[in-house]
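Note that the numbering runs from 1 along the sequence shown for the chain.
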Amino acid sequence: MATESIKTRGVPRYKAWEGVALFKQGFRPFFLAAGLSALVLVMNWVISLLGYIDVYSNFDPVDWHAHEMVFGMASAAIAGFLLTAVPNWTGRMPLQGWPLIGLFLLWLAGRIVMYLGSIASAEVIAVIDTSFLFVLLGVLLREIIAGRNWRNLPITFVLGLLATANIFSHLEALGYVETDGMSYRMAIAVVISLITLIGGRVIPSFTRNWLSKQKSAEMSQPFGKFDVSAMEITVGALVA
């Protein structure tokens, strides 16, 4: 896998880490968490609908389910990808070891307090849950700026929109604003935009690398004006 490569631009990709191997690379804990949370959250949702268990969140059951699938499961998948991709883009050292453990525990804390609403006040829960995406944003912004990788700076803007959507979901649950679920529609639109942007750039690149290794006479088209137009139409449709 490209994520397992040891060196990029002559920079050692991973420091020695004597701890649990799960926290040696950013995609490991977060991709695992995304998969497990999707399974657990959906199973919990179905069981609660059948009346066998209760969800103790400050959110109503439907909003809790929507929130956790987008800001819990999907955010973990996004974090796993970006924590692996950004070091490849910048040539800088990736987040690993104790800093990675801290970031993962922050994500996990958000899932716990969102499920156990009585564990803290709604305001404290909001702070704990929303902090994950902002800390992740800070980490990625630091790396992109330090690596002068301005081409990928828009990724941080999109991630900032996702974090903002999470804030609105809590403000609505607290009764401070009335958006009729706009925060979730905004979050889903952001996730689709990220898939469009990253997929549109990464898939042709990986395909081209594979074709090159196979010494193919034909190569995939690089990211270009057609792809930009497709993204603009997608974003326009999502905003509409």
Side-chain H-bond candidate by donor/acceptor type, Asp129 with His67, under 3.5 Å: yes
Non-hydrogen atoms of Leu137 and Gly160 that approach each other most closely: CD2-CA, 4.0 Å
pair Ile198-Ile155: side-chain heavy atoms closer than 4.5 Å: yes
Aromatic ring pairing Trp64/Trp45, orientation class (parallel under 30°, perpendicular over 60°, tilted between): tilted
Flag side-chain contact, heavy atom, 4.5 Å: Asn149 against Asn152: yes
From CA spacing to verdict: side chain to side chain contact (heavy atoms under 4.5 Å, CB included), Gln96, Gln25: CA-CA 6 Å; Gln96 65 177 131; Gln25 296 160 304; over 6 Å; no
Backbone of Ser212 reached by a side-chain donor or acceptor of Ser216 within 3.5 Å: no
Pair His170 and Phe59, ring centroids less than 6.0 Å apart: yes
Non-hydrogen side-chain atoms of Ser75 and Val70 separated by less than 4.5 Å: no
Main-chain N/O of Thr179 paired with Ser183 side-chain donor or acceptor, under 3.5 Å: no
Beyond-backbone contact of Arg142 with Val139, side-chain heavy atoms, under 4.5 angstrom: yes
Option from Ile78, Leu159, Leu106 for which side-chain contact (heavy atoms from CB on, under 4.5 Å) with Leu133 holds: Leu159
Backbone of Asn166 reached by a side-chain donor or acceptor of Ser169 within 3.5 Å: yes
Joint hydrophobic cluster, Leu197 plus Phe157, side-chain heavy atoms closer than 4.5 Å: yes
Heavy-atom pair of closest approach, residues Leu83 and Pro94: O-CB, 4.4 Å
Distance-only side-chain donor-acceptor flag, Glu143 / Thr90, under 3.5 Å: no
Pairwise side-chain contact, Ser57 with Tyr115, heavy-atom cut-off 4.5 Å (strictly under): no
Validation row: Tyr184, Phe71 side chains within 4.5 angstrom (heavy atoms): yes
Arg148 (side chain) donor-acceptor with Ile144 (main chain) under 3.5 angstrom: no
Joint hydrophobic cluster, Phe168 plus Val239, side-chain heavy atoms closer than 4.5 Å: no
Backbone N/O of Ala146 and side chain of Arg92: donor-acceptor pair under 3.5 Å: no
Point-to-point distance, once rounded to the nearest 0.5 Å, from CD1 of Ile125 to CD1 of Ile112: 11.5 Å
Ring centres under 6.0 angstrom apart (Phe81, Phe27): no
Non-hydrogen atoms of Leu82 and Pro87 that approach each other most closely: O-CD, 4.0 Å
Under 3.5 Å donor-acceptor, Glu172 side chain and Asp180 backbone: yes
Parallel, tilted or perpendicular: ring planes of Trp107 versus Phe30, cut at 30 and 60 degrees: perpendicular
Distance, nearest 0.5 Å, that separates CE of Met114 from CG of Leu41: 10.5 Å
Rounded distance [0.5 Å steps], CD1 in Ile195 versus CD1 in Ile203: 10.0 Å
pair Ile119-Val124: side-chain heavy atoms closer than 4.5 Å: no
4.5 Å side-chain heavy-atom contact, Leu141 and Leu153: yes
Value rounded to 0.5 Å, distance of CZ in Arg111 from CZ in Phe132: 8.0 Å
Joint hydrophobic cluster, Phe23 plus Leu36, side-chain heavy atoms closer than 4.5 Å: yes
